[in-house]
There are 2 protein chains.
Amino acid sequence: MADKVTIATVAAHANVSRQTVSNVLNTPHLVREETRERVREAIAVLGYRANQAARLMRTGRSHLLAVRIEPTRDGINGSVLDRFLHGLTEAAAPAGYRILLYAAADDQAEIATYDDLLATYELDGFVLTSTHHGDVRTSWLAERGVPFVTFGRPWGRLGADARTEPAALSGAAGSHPWVDVDNAAGTAAATRHLLDAGHRRIGFIGWPEGSGVGDERRAGWAATAGADLPELARATVDGVAEGEAAAHDLLSISDPPTALVCASDSLAAGAYGVAPPGVAVTGFDDTAVARVLGLTSVAQPLAEAAARCVDLLAGVLDGGAAPHPVLLPPSLVIRQSA
Amino acid sequence: MADKVTIATVAAHANVSRQTVSNVLNTPHLVREETRERVREAIAVLGYRANQAARLMRTGRSHLLAVRIEPTRDGINGSVLDRFLHGLTEAAAPAGYRILLYAAADDQAEIATYDDLLATYELDGFVLTSTHHGDVRTSWLAERGVPFVTFGRPWGRLGADARTEPAALSGAAGSHPWVDVDNAAGTAAATRHLLDAGHRRIGFIGWPEGSGVGDERRAGWAATAGADLPELARATVDGVAEGEAAAHDLLSISDPPTALVCASDSLAAGAYGVAPPGVAVTGFDDTAVARVLGLTSVAQPLAEAAARCVDLLAGVLDGGAAPHPVLLPPSLVIRQSA
DNA sequence: TTGTACGCGTTATCAT
DNA sequence: ATGATAACGCGTACAA
């Protein structure tokens, strides 16, 4: 095991002061070309890498970003977080950041964790997922000036539509940097696909009102599907059994729908299981379950979303500029279910 | 935002020196009871938390553990890693450790990442997953004396059976701490369940020889299933389509099997799709896909495995004792497919 | 380009 | 046995 190579080792090797080595790394233009090269060679030869702890003590920058890892609920949508985490990790590395994981049972526990992580590890920033109406986490972080990005737009007060709220979309005061996938566009694309296939009565199975994401997904369907909307929509908590029940219910009305747009692959899996042949079903998230069942599903560009989260956070941290929010388009993966 | 609370703040508040505060935290028996209480109260009142960076510089201990996040292959088994990561994060926190993520394309890149993480963040240890025969990562770490645990036993040279290798099981010299799930016991349980249900010809669909885990799973089936084994087994790379093909093949032989034990839920999903009614199928990993399809599947105790990984690593780090390997029993989750 | 102080907690040494 | 003082680790900010 080679001895520890510090900035002093490099300085000695290159016959300069420690400070000059630091300058070569951080403000190279201040160092004469010839010296710079000599130092760089010493760095390469010795395999020197700056110690983050020492750097942190001076600069207050840990180059660490934290993200919460949630427990996999029914596991169907769990892989979404998994892919997002992988994208985050891959995008962070070239930008000079690492990803730290934390778990928290609820928002309050999560805030306590922020406090702890900031105090002990001086985290540079947070990536929040699963944002919701009246999220206390964002206000806590904002109040303290802690940099963060959310994957999921700020939902503000209950019932407000972000697309009609200039403040949220522009990232103006009171808001914060965010990256989101256009959920409404996703269900709209699925609905359009069904219309193109000749379906005229298209139902929707989603979640109870109040979850921003769920409301968006329903809105995309509603804006595209046509008339008679309320009677063609059912709301339920997420789950396969719940999807079965809702589909059963919807298909039992007079003049039933011939196609069902679902807010998740869990619901779609249930619906697809009870739907008679000819009734089309679409899901959301393009999970492994959708692939195996042959469910047409809306795919979120998770790697891209993660990369943009890192971009935004790095922008705040390095540039200081308030970055523009990012709204990414989903895509429809067509399989045999629709 | 409250001012930063350092050890000096606490010392001033409690009317002692900084050193005494440090002693209260690290060697409390050296401090008089009354003083100790006063300091502890100051710590609580001020909400003091030691700065890890400063501590690290002195002690060389970052309290950071790293684990690789792999890209989700077909997504079906991806949730396994997800659950493991969550377990790791939850188990690490109370032990005073945090989990750092990294991505790497292959073993060589992973080793380069070790080098970087050790040099820049002074990681305390690594948790390795997906160990395989002749793993260069473990030897690299072992040579440098870097603490690590593997989820998956050391496979040693190709073809060696860890259960017959005392060195591997005992954690003796040349080995390293590991946690594993008894894969053979898992497929054995599935096979026994099928025997109990009256099946007499039980086939197996697994992976090509050489992957330690795959060989274990086959061995569990072979030891339990009975006669005519070679003709009842098929090997293929993992995947739903591959499972379909292998099942189709196995069910086409003369005197075909009436039940199929599969090495993964992906293979089982494929097999279940083409198997005629009455042919039982079991999978491995109890993924969401198994739940949705109603596949009987072997479940790994991932949270437990993760917790034991942390235990072992913490043991090495804090105690210095060479810990015993851990072999956990899987459980069979019975659904309608078998 | 260089010298020097600094950040913060711990270890070593010294005084009571 | 307690507590205080000083030095240390490593990279950077600032002044020289």
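Below, each value reflects all heavy atoms present in this structure, side chains not excepted, and no hydrogens, waters or symmetry copies.
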Heavy-atom closest pair, residues A:Val181 and A:Leu327: C-CD1, 3.9 Å
Taking atom C1' of C:dT10 as reference, at what distance in whole Å does atom CG of B:Leu56 sit? 12 Å
Mind grabbing the angle between the end helix axes of the helix from C:dT1-D:dA16 to C:dT16-D:dA1? Five pairs an end, 10° rounding. 40°
Round to a whole Å and report the spacing from CD of B:Gln19 to C1' of C:dC8. 13 Å
Which nucleotide sits closest to the side chain of A:Arg18: C:dC8, C:dT10, D:dT12? D:dT12
Whole angstrom value for the distance that separates P of D:dT2 from CZ of B:Arg36: 9 Å
If you check the A:Met57 side chain, which of C:dG7, C:dG9, D:dT2 turns out closest? C:dG7
Touch check for B:Asn26, heavy atoms < 4.0 angstrom, all strands: base, sugar-phosphate only, or nothing? sugar-phosphate
C:dT10 OP1/OP2 closer than 4.0 Å to side-chain N/O of B:Ser22: yes
Look at B:Thr35 and D:dT2 and indicate whether a side-chain polar atom (N or O) is within less than 4.0 Å of OP1 or OP2. no
Could you please spell out the steps behind the side-chain hydrogen bond (donor to acceptor under 3.5 Å, both in side chains) verdict for B:Tyr97 and B:Arg61? CA-CA 10 Å; B:Tyr97 292 93; B:Arg61 299 278 312 273; 2.6 Å; yes
For atom CG of B:Leu25 and atom C1' of C:dT10, their distance in whole Å: 11 Å
Atom-pair distance (CD on B:Gln52; C1' on C:dG7), nearest Å: 15 Å
Please determine, for the side chain of B:Asn51, which listed nucleotide (C:dT1, C:dC8, D:dG11) has the closest atom? C:dC8
Going by the angle between their ring planes, with limits at 30° and 60°, are A:Tyr114 and A:Tyr102 parallel, tilted or perpendicular? perpendicular
salt_bridge(B:Arg144, B:Asp115) N-O dist < 4.0 Å: no
Nearest to the side chain of A:Thr59 - C:dG7, C:dT10, D:dA13? D:dA13
Against the side chain of A:Val31, the closest entry in C:dG3, C:dG9, C:dT1 is C:dT1
Would you indicate which nucleotide in C:dT1, C:dA12, D:dG11 comes nearest to any side-chain atom of A:Arg55? D:dG11
Remember a base hit wins even if backbone is also touched, and classify A:Leu30 as base, sugar-phosphate or nothing at under 4.0 Å, heavy atoms. base
For A:Thr131 and A:Arg153 the tightest heavy-atom approach is OG1-O, 3.4 Å
Residue whose nearest DNA chain C nucleotide is more 5′ - A:Thr20 or A:Arg58: A:Thr20
Spacing between B:His29 atom NE2 and D:dA1 atom C1', to the nearest angstrom: 11 Å
Can a salt bridge be assigned to the pair B:Glu41 and B:Arg38 using a cut-off of 4.0 Å between side-chain N and carboxylate O? no
B:Arg38 CZ to D:dT2 P, straight-line distance once rounded to whole Å: 14 Å
When the nearest nucleotide of DNA chain D is assigned to B:Asn23 and to B:Ala54 on a heavy-atom basis, which residue is associated with the more 5' position? B:Asn23
Is there side-chain contact between A:Val179 and A:Leu312, with heavy atoms separated by less than 4.5 Å? yes
When you check the side-chain N and O atoms of B:Tyr121 and A:Arg49, is any donor under 3.5 Å from an acceptor? no
Using a 4.0 Å heavy-atom cut-off, does A:Val16 contact any base of the nucleic acid, only the sugar-phosphate backbone, or nothing at all? sugar-phosphate
Just compare D:dA4, C:dT11, C:dG3 and give me whichever is closest to any side-chain atom of A:Ser17. C:dG3
Between C:dG9 (P) and B:Ile43 (CD1): distance, integer Å: 11 Å
